[in-house]
J.: 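Would you mind keeping the following structure in view while I ask a few things?
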Amino acid sequence: MDYNFNEIEKKWQAYWKAHKTYKAENKSDKPKYYVLDMFPYPSGAGLHVGHPLGYIASDIFSRYKRHKGYNVLHPMGYDAYGLPAEQYAIQTGQHPAITTEKNIARYREQLDKIGFSFDWDREVRTCDPSYYKWTQWTFIQLFNHYYNLKTNKAESISELVAIFEKEGNRNVNASTTQLEVFTAETWNSMTEKQQQELLMHYRLTYLSDTMVNWCPQLGTVLANDEVVGGLSVRGGYPVERKSMRQWSLRISAYADRLLQGFENLDWSDSIKEIQKNWIGRSEGAEVDFKITKNLSPALSKGEGAAVPRYHTTNPLDWNVLKDHAKEMRKQPTEAENVLWQNIRANQLGFKIRRQQVISNYIADFVYISKKIIIEVDGKIHDFQKEQDESRTQELNKLGYEVIRFSNEEVLFDIEGVLTKIKSKLESKVLSFGEDLGEVIRIFTTRPDTIFGVSFMVLCPEHEVISSITTAEQKAEVETYLQWAKNRSERERQAEVNKITGVFTGAFAINPLTHEEIPIWISDYVLSGYGTGAIMAVPAHDSRDFAFARHFNLPIPQVILPTGEQPEDTSLWKESKDSKEGSCINSGFITGMNVKDGIKAVIDFVEKEGMGKRMINFRLRDAIFSRQRYWGEPFPVYYKEGMPYMLDESKLPLELPAVDKYLPTESGEPPLARAKNWKTDEGFPLECNTMPGFAGSSAYYLRYMDPRNDKEIFSKEANTYWQNVDLYIGGAEHATGHLIYSRFWNKFLFDLGLCVKDEPFQKLINQGMIQGRSNLVYRVVGTNQFVSYGIKNNFETQAIHVDVNIVDADILDTEKFRNWMPDFANAEFILENGKYHCGWEVEKMSKSLHNVQNPDDLVVKYGADTLRMYEMFLGPLEQSKPWDTKGIEGVFRFIRKFWKLYHDENNALCVTDEKATAAEFKVLHKTIKKITEDIERFSFNTAVSSFMICTNELNDLKCHKREIMQPLAVLISPYAPHLSEELWERLGNKESISTALYPICNETYLVENTFNYPISFNGKTRFQLEFPSDMAIADIEKAVLEHPDAQKWLEGKSPKKVIIVPKKIVNIVI
RNA sequence: GCCCUGGUGGUGGAAUUGGUAGACACGCAGGACUUAAAAUCCUGUGACCAUUGCGGUCGUGCGGGUUCAAGUCCCGCCCGGGGUACCA
């Protein structure tokens, strides 16, 4: 054979391995360039032709950069934890480590055959203890840090504790769910357990209750993927939403920085857009809507309603305590009475209650909205026996602030006391999220539309539902909640046409119109976004509109688009867009435009203390626990129910052996099956494992220094490699991996470990390769198969057939008979003696028998052909169907290319003759084109250019070294084996990877003439050649005088002549 | 539903900044070589009309618009693919 690719490819793969040709050094005088492929999961099916697409592109670029004089880091490893290996383990009992090891070996073999220039010395695997040691280590760091919003970075929890000890959390501005203010005294008096619980609200990784897909029959939690229509894919059992205590990552702390971080990154706008939407920053306001059910508080009326308006205690205690409270109100002390007479009836501008039941205490006076209790000491009655101090502490824990006055202060300095109370009430601002149940807090980006709010909607999970639902509505509400419980978020958002909801029986007050509005529940409101409650503006929001129509609720118009008149909304078919226009029917903002209206309303609600300006993010904290076996164990143990981190010296905490890869009978995760799964001291270890993204979030950093067992990576290695210059992978990672990695990187950056704030400088998203399936048509009820062209004469059933027994849509009928026992006796109805198959483009999948595996192609055509063909298929970023038909063309081209260097006897025929100008022109035109193409990652056009170049050199019969040697370097990133072989045959001693990239000499490319397309009214009619430097006026004259032009002008004189030098001539008639 | 993305011959695609639509390749047809096949080489190949030749009309998912000029820009639709928070 002329071009023996099998031999050549084997030879050079062995050479590269032996010489470690692609080993990257951490120290070099060369500039660095870091090229990375997205971490592959080694699946059991092995590599299919879709996988290498990105790898080939990144490999071409790596090799190109080496030729350009860079020290290139191009590593590869395995994201080895994952569900498929665990599923296989559950089914077969085989340890997932064995499955994974086997799959990796197969991957490696396949990767090697394609001739990638990876530095295999740097390989990492997420399931390797020496690797996950650092995943666990990072988790500990996350646990030991909180996010300081003042400095805008992660800082140590121990520094936070020091602040708490000195001054409480009053001056701390952190990303936290700890909303109540506490003092140093309160902190210092807490038990360790209480302190730990409180710190959970600050740590960057924390335990909290979150909703999961729970399948009781399987005893396990399922991924959204594993649930279809509320049933488990495996087994078809019912799946319900269940709350479970799990680790979360406080990624929301970084929301703003994740949003800002794009600025200087070379990512596509679309992927930035996806991340922006995912993070979902919106500006608006939080506004409290008061609930009006049982309009007056039960107690101030004396006798009262069955259910208290404000749940400041639990119902059991309430009934006991309220009688005492009433009793005490009748016999106040003198001081209490004096104070009450001065503060009652809103005299201070605040509605203060007396003898109010709070938990299991009765407070003298309380201002509920701001959680402030006013106590007067020295009571004559002693119904509550506890010490004032401990009482204060307990109330503090409930989030109340207690201010005390003595009898004397009240009796002799009432003015002073009132001033103090007033300033206290005015100054205290409740922290965000605090909710006593007396109001429903909503978030809105459009406060200007509050005047148009005609009802409210709560998500079915909203905690206030149980306390506001009226007795009459109770049954209906419960039925609805039961139904809504198991609907996934996606279903809830997707099925917008299906309007469901239920009325609670309760009403709220519109804070601006003061009208009573009904409170509904509907699953179109999501619990995960905003406050889980919305103010509905049916006139200007499509979903609110649909809901209002369905349940016959009022639809007041409040925004008037510019140039329109107010309309009767009952005639509307849909809501009206309200982004621009002026406010109508809107009280004090009537007449303002939307922008001013928003500002005016926010200013108003802030002044009135019923809301505040607010920036809301859609980004939610990431759930970090998985109830699985095959994942990183948490370096966590539990003491008194509180989690503690293992000492770093105990890392890695290795994954224990278990007898089965299933949950325990009691529903505990598989690790609960491990023997002695506890610390040396006997404390139980965490039984959950980490999710897939744990190990893949910082792997690119570990590649910089993968064998370091002292630290995650050395400062020197990181300072040299900085971050990834080029990252290639699928766009499906846009919201998962790419956000988690950025978060993880920013955290390590805050700790001063890595020097770059962003991990991936340039990102390219390769498109999917779809499969091209072949179909055969069985005549229904027979074993006869009819060819595609005549199938319509029969009633047929289309069956997917293995694409490997079909060539150019012609079925190999013999192979078909042998393919499956069912078809052994198949008969065929042929067209012209052949069986033509139908075809379809769809997902590449085993079940559709359209999987193309690269190994067979490498055997048949060689790796270089496969590499160039995959690039030739089309633009890297686009999805495209896989079809092997075209590979022949690339194979032909490669052999043609080989023949430029060889004669009929396969002997080198390259001469030292001087090349002609025409030959140089072909070479330099190609250098220019290929270089431009590679810089813009347009690999398909580069391959075309190589083909054109080869055709032209072939026509010129050129075999000259001056041309052929640079051309070998030019093609080496694409066809590395071929070019190494040619390079060696040309007499070079070192690997071609050390050769410098050829540079285009523009002087060969100068054109003296240009062939102008002559068009009339934009339609090209003929062409004329003119000197490149010909003056526009001369061209115009020459064109108009031309006989062909006269024909098109038909005697008319042109209205206009447009001449763009070296582009076009257009004559307007 | 929402967000992102794509739609050009029989097929994959090219047209990089608004300037000759269909480069390059597959497939197909015809031819050369051969006893034959494979391989290789040559010619043709968007559709329609005309055809002895010259040629003409239409044409980049659909409908409008901007422009001397639109695959490319703008508006409104249709269809495919991806993501939608535990697949990786």
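Proteins get letters first, then strands, A, B, ... in listed order; numbering begins at 1 in each.
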J.: Please work out if A/Gln1023 contacts a base, only the sugar-phosphate, or nothing of the nucleic acid, heavy-atom cut-off 4.0 Å.
T.: base
J.: Could you pull out all residues at least two apart from A/Tyr237 that satisfy ring pair (Phe, Tyr, Trp, His ring centres under 6.0 Å)?
T.: none
J.: Any donor-acceptor pair, under 3.5 Å, between the side chain of A/Lys929 and the base of B/U16, if you only look at N and O atoms?
T.: yes
J.: For a quick test of reading the model: is some side-chain N or O of A/Arg1021 closer than 4.0 Å to OP1 or OP2 of B/U57?
T.: yes
J.: Please list every stem that involves RNA chain B, where a stem is a run of 3 or more consecutive Watson-Crick or G-U wobble pairs with both pairing distances under 3.5 Å.
T.: B:1-7 with B:78-84, B:10-12 with B:24-26, B:27-32 with B:40-45, B:46-49 with B:55-58, B:61-65 with B:73-77
J.: Can you work out whether A/Pro875 or A/Met244 has the more 5'-proximal nearest nucleotide on RNA chain B?
T.: A/Pro875
J.: Only counting residues at least two apart or in another chain, list the ones meeting ring pair (Phe, Tyr, Trp, His ring centres under 6.0 Å) with A/Phe693.
T.: A/Phe624, A/Tyr740
J.: Tell me which donor-acceptor pairs under 3.5 Å the side chains of residues 76-87 of chain A have, and how far apart each pair is, sequence neighbours excluded?
T.:
| from | atom 1 | to | atom 2 | distance (Å) |
| --- | --- | --- | --- | --- |
| A/Glu86 | OE1 | A/Tyr629 | N | 3.2 |
| A/Glu86 | OE1 | A/Trp630 | N | 2.6 |
| A/Glu86 | OE2 | A/Tyr629 | N | 3.0 |
| A/Gln87 | OE1 | A/Arg234 | NE | 3.4 |
| A/Gln87 | NE2 | A/Glu226 | OE2 | 3.3 |

J.: Report all interatomic pairs (protein N or O, nucleotide N or O of nucleotides 40-44 of chain B) with separations under 3.5 Å.
T.:
| from | atom 1 | to | atom 2 | distance (Å) |
| --- | --- | --- | --- | --- |
| B/U40 | OP1 | A/Arg895 | NH2 | 3.1 |

J.: Quantified in whole Å, what is the C1' atom distance between nucleotide B/U8 and nucleotide B/G13?
T.: 9 Å
J.: Once you apply a heavy-atom cut-off of 4.0 Å, does A/Ser625 come out as touching a base, just sugar-phosphate, or nothing?
T.: base
J.: Using a 4.0 Å heavy-atom cut-off, does A/His737 contact any base of the nucleic acid, only the sugar-phosphate backbone, or nothing at all?
T.: nothing
J.: Who pairs with A/Phe617 by ring pair (Phe, Tyr, Trp, His ring centres under 6.0 Å), at least two apart in sequence or on another chain?
T.: none
J.: Using atom C1' of each nucleotide, how far apart are B/A23 and B/G46 to the nearest Å?
T.: 15 Å
J.: Given that A/Lys1063 and A/Pro40 both sit by RNA chain B, which one's nearest nucleotide is further toward the 5' end?
T.: A/Lys1063
J.: At a cut-off of 3.5 Å, list every protein nitrogen or oxygen paired with a nitrogen or oxygen from nucleotides 65-71 of chain B, distance to 0.1 Å.
T.:
| from | atom 1 | to | atom 2 | distance (Å) |
| --- | --- | --- | --- | --- |
| B/C68 | O2' | A/Asn1066 | ND2 | 3.2 |
| B/C68 | O2 | A/Asn1066 | ND2 | 2.7 |

J.: Of the residues in residues 942-950 of chain A, which ones touch RNA chain B at a heavy-atom distance under 4.0 Å?
T.: A/Ser944, A/Met947, A/Ile948
J.: Could I get the full list of ring pair (Phe, Tyr, Trp, His ring centres under 6.0 Å) partners for A/Trp898, not counting sequence neighbours?
T.: A/Tyr3, A/His902
J.: Check residues 1010-1018 of chain A and write down every donor-acceptor pair under 3.5 Å in which the side-chain atom is one partner and the other belongs to a residue at least two apart or another chain.
T.:
| from | atom 1 | to | atom 2 | distance (Å) |
| --- | --- | --- | --- | --- |
| A/Asn1011 | ND2 | A/Gln1023 | OE1 | 3.0 |
| A/Tyr1012 | OH | A/Lys1062 | N | 2.8 |
| A/Ser1015 | OG | A/Val1065 | O | 2.9 |
| A/Ser1015 | OG | A/Asn1066 | OD1 | 3.2 |
| A/Asn1017 | OD1 | A/Ile1069 | N | 3.1 |

J.: List every contact pair, protein side and nucleotides 3-7 of chain B side both N or O, where the distance is under 3.5 Å.
T.:
| from | atom 1 | to | atom 2 | distance (Å) |
| --- | --- | --- | --- | --- |
| B/C3 | O2' | A/Asn277 | ND2 | 2.7 |

J.: Syn versus anti for B/G56, judged by chi lying within 90° of 0?
T.: anti
J.: Examine the side chains of A/Asn616 and A/Ser282 and answer whether a donor and an acceptor come within less than 3.5 Å of each other.
T.: no
J.: Tell me which pairs pass salt bridge (Lys or Arg N to Asp or Glu O under 4.0 Å) where either residue lies in residues 937-953 of chain A, with sequence neighbours left out.
T.: A/Lys925-A/Glu952
